[in-house]
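Down below is the structure, laid out as structure tokens.
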Number of protein chains: 2
Amino acid sequence: MRSEDIAKLAGVSRSTVSRVINNYPNVPPTTRDKVLKVIEQHQYQPNSYARALAGKGTNTIGLFVVSTAEKTAGNRIYQNNYFAPFVESVVDTANSLGYYVLIHTLYALEDYQKVKQACLQKRIDGAIMVGTRKQVEVIRELVSLEAPIVLIDYDIGEIIGNRLDRSNVSVINSKDYDGAVEAVEHLITLGHRKIGMINGSVNTFSGSERYKAYESVLQSHGLPIEPHYILNGEFLKQNAYHEVKGLLASGQELPTAFFTANDDMAAAAYEAFKEFGFSIPNDISIVGFDDGPIATQLAPKLTTVQVPIYDMSKEAVHKVVALCEQTVTAFSTVSFPAPLIVRDSCRQL
Amino acid sequence: MRSEDIAKLAGVSRSTVSRVINNYPNVPPTTRDKVLKVIEQHQYQPNSYARALAGKGTNTIGLFVVSTAEKTAGNRIYQNNYFAPFVESVVDTANSLGYYVLIHTLYALEDYQKVKQACLQKRIDGAIMVGTRKQVEVIRELVSLEAPIVLIDYDIGEIIGNRLDRSNVSVINSKDYDGAVEAVEHLITLGHRKIGMINGSVNTFSGSERYKAYESVLQSHGLPIEPHYILNGEFLKQNAYHEVKGLLASGQELPTAFFTANDDMAAAAYEAFKEFGFSIPNDISIVGFDDGPIATQLAPKLTTVQVPIYDMSKEAVHKVVALCEQTVTAFSTVSFPAPLIVRDSCRQL
DNA sequence: CTGAAAGCGCTTACAG
DNA sequence: CTGAAAGCGCTTACAG
């Protein structure tokens, strides 16, 4: 069923059919109704490709999620609990705005070509990227495509410093630095002096912010930064688990608390410590980051910094759509607060 | 940059450019290389819409995930831990096969129109649907569209009984009945006689299979089915939590074990029982279903039936793609085994 | 208010 | 081996 067929059945021309579909004002109600009826009857839907080709947008945005893990490994992106709410929220918001979403997972550096490809092939009107590593060159290339692109969790300083603050880009972050400061201060307030950290990926914006905050709070309190207190988890559960196990097995002196760069690694730490016979928070205090569903599923419930994923992803969608529809035509950036949620995983010393 | 431009730069016609792009055999290597070089230089990518319009497929499949929850509620689909691995796995598999995936979440009955729309608008070559409720009419309508469609978790009997086993459809399931039988038998072997169930959605295929198996095993062992032992969780954590709390508060006699229709509800049961001062598995044994990441995160680790989500979603993608590319042209169905994974949440009475 | 026609950027018989 | 041309199904000035 093509518009031509509808036109014939309704006794009008394709032009008129197109006009009613696109809600042009210059169609008298009777004509409109006549056409609409035929469309309804035959469940006609205009071919999206033809529309796109003829100049209408595609009404689809791309969602590119950068994996923290290798593709080959069993540990894929879904191991990051932020993946699900993120995707879900982006899809919902986009759908409610009349947009479809094309989703892609990025593992290796060369996968960024996929983003470029999707833009160049005009499959999408704009893109949202989450979890990008510090890779200005890649970003520069993408930005130069002129397609609307919103980056979630990316260093604004780097964007601006490299003159990448073009009118087709937007950056959405959470205030991870502040949240991390609050978390570590909380531990100090509870009397902790020996505070370790299970690190995320420092080549990630949020990862480095979280670490910098940790470092800075310790320093500002005159507390030493013990290298063996800093575990390299790379945001991955397995890594965190093995690192904690390793520390435990080494017999080295332990900190009394750990600030963990995400909830997943906190969960892994729970596991490792429990297997070692430690009880939380009696023998070790733990603070997470993300406040994903797992935070309240853990026993004891995890004290953690809340990243407002829903707000962020919603904002991201609204932003790309605005950019696509030319409602917004300037570089913009938003940073959402990331408050500490105190629960039961830390004790007063 | 259009194929015309490439053609000019390479000193050939659009036809030839198209031939090299589509890997036609009748292009001599020298011509091919010449064209390829220009394409490379200019990072040319053929407009996907024009290609699609001209007869090539769109190379994108639709992934429609039916939510267990209402859209308005805070409890959205991502609360189901199967969402993430599912989406992730479908996306990965599709991508590796050169397909893009359009993702959509379905909340209400009218959202099924979206599936139809996407097909009718030719946005997708085929669709995968997960979590569909028992709704033959909807399925019938979708199937009649002639677009390739693979249903995950749907009653094959219903499909066949309604002559919906058309050549454009395929059904992928896991053997939930067998898995559930194994789970309940395991409890009985451990000496349990008073076995409750936290039910999923019975209007879902897997939900009803899991329940039927429970019922049938109890009956076959001559054990009574106590109505107040059967809690209505609808696959949702909150519901399960409240149901358990309610049972606990009612002061009624408790079963010694619960078979739970998914891991999420098992986690909720853990929470409710723990808050009541119960210890697992000492005071109550619990078996889950899914074997999602949460199963091993819970303490004690959850004994649960494993649903091979990866295998299922991979198979689903391969199937739609085969259907799209006409490699397969007959109704087909696959059921994956769902074995019981024994861990630490059940005790010998 | 409405139709004929050009154009969007490809692919693919067809002819040579 | 290769080009000219028709066609895919729309939209949108343009003319009336």
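A note on names: the letters A, B, ... follow the listed sequences, proteins ahead of strands, and every chain is numbered from 1.
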Would you check if Glu158(B) and Phe205(B) make a side-chain contact, meaning some heavy-atom pair closer than 4.5 Å?
no
Enclosure of Lys122(B) NZ (heavy-atom neighbours >12, cutoff 6.0 Å):
no
Carboxylate-amine/guanidinium proximity below 4.0 Å for Glu40(B) and Lys37(B)
no
Arg133(A) and Gln135(A) side chains, donor-acceptor separation under 3.5 Å
no
Are Asn22(A) and Arg51(A) linked by a side-chain donor-acceptor pair shorter than 3.5 Å?
yes
Just to be sure I understand the rule, does Asn47(B) reach a base, reach only the sugar-phosphate, or reach nothing, if contact means heavy atoms closer than 4.0 Å?
sugar-phosphate
Which nucleotide of DNA chain C is the first, and which the last, in the 5' to 3' direction, to come under 4.0 Å of a heavy atom belonging to chain A?
dC1(C) to dG9(C)
Heavy atoms under 4.0 Å, any strand shown: does Ser48(A) hit a base, just sugar-phosphate, or nothing?
nothing
Working note: Thr329(A) + Ser167(A), criterion side chain to side chain donor-acceptor pair (under 3.5 Å); need CA distance, chi angles, decisive distance, verdict.
CA-CA 5 Å; Thr329(A) 54; Ser167(A) 56; over 6 Å; no
Between dA6(C) and dT2(C) - P atom distance, rounded Å
22 Å
Within the 4.0 Å heavy-atom criterion, would you say Thr16(B) contacts the bases, only the backbone, or no part of the nucleic acid?
sugar-phosphate
Ser3(A) near the nucleic acid: base, sugar-phosphate alone, or nothing, with a heavy-atom cut-off under 4.0 Å?
sugar-phosphate
Want to settle it: does Ala54(B) or Pro25(B) sit nearer the 5' end of DNA chain D, counting the closest nucleotide to each?
Pro25(B)
5′-ward residue of the pair Ala50(A)/Pro28(A) relative to DNA chain C
Pro28(A)
Pair Arg2(B) + Asp5(B), salt bridge at N-O below 4.0 Å
yes
For the C1' atoms, the ones on dG16(C) and on dT12(C), what distance do you get once it is rounded to whole angstrom?
16 Å
Polar side chain donor-acceptor pair, Thr58(A) to Asp125(A), under 3.5 angstrom
yes
Please tell me which of Gly11(B) and Gly55(B) maps to the more 5' nucleotide of DNA chain D, matching each residue to the nucleotide holding its nearest heavy atom.
Gly11(B)
How are the rings of Phe64(A) and His104(A) set to each other: parallel, tilted or perpendicular (split at 30° and 60°)?
parallel
Per-residue pairing states of DNA chain C in dot-bracket (Watson-Crick or G-U under 3.5 Å; . unpaired, | other strand) read |||.||||||||.|||
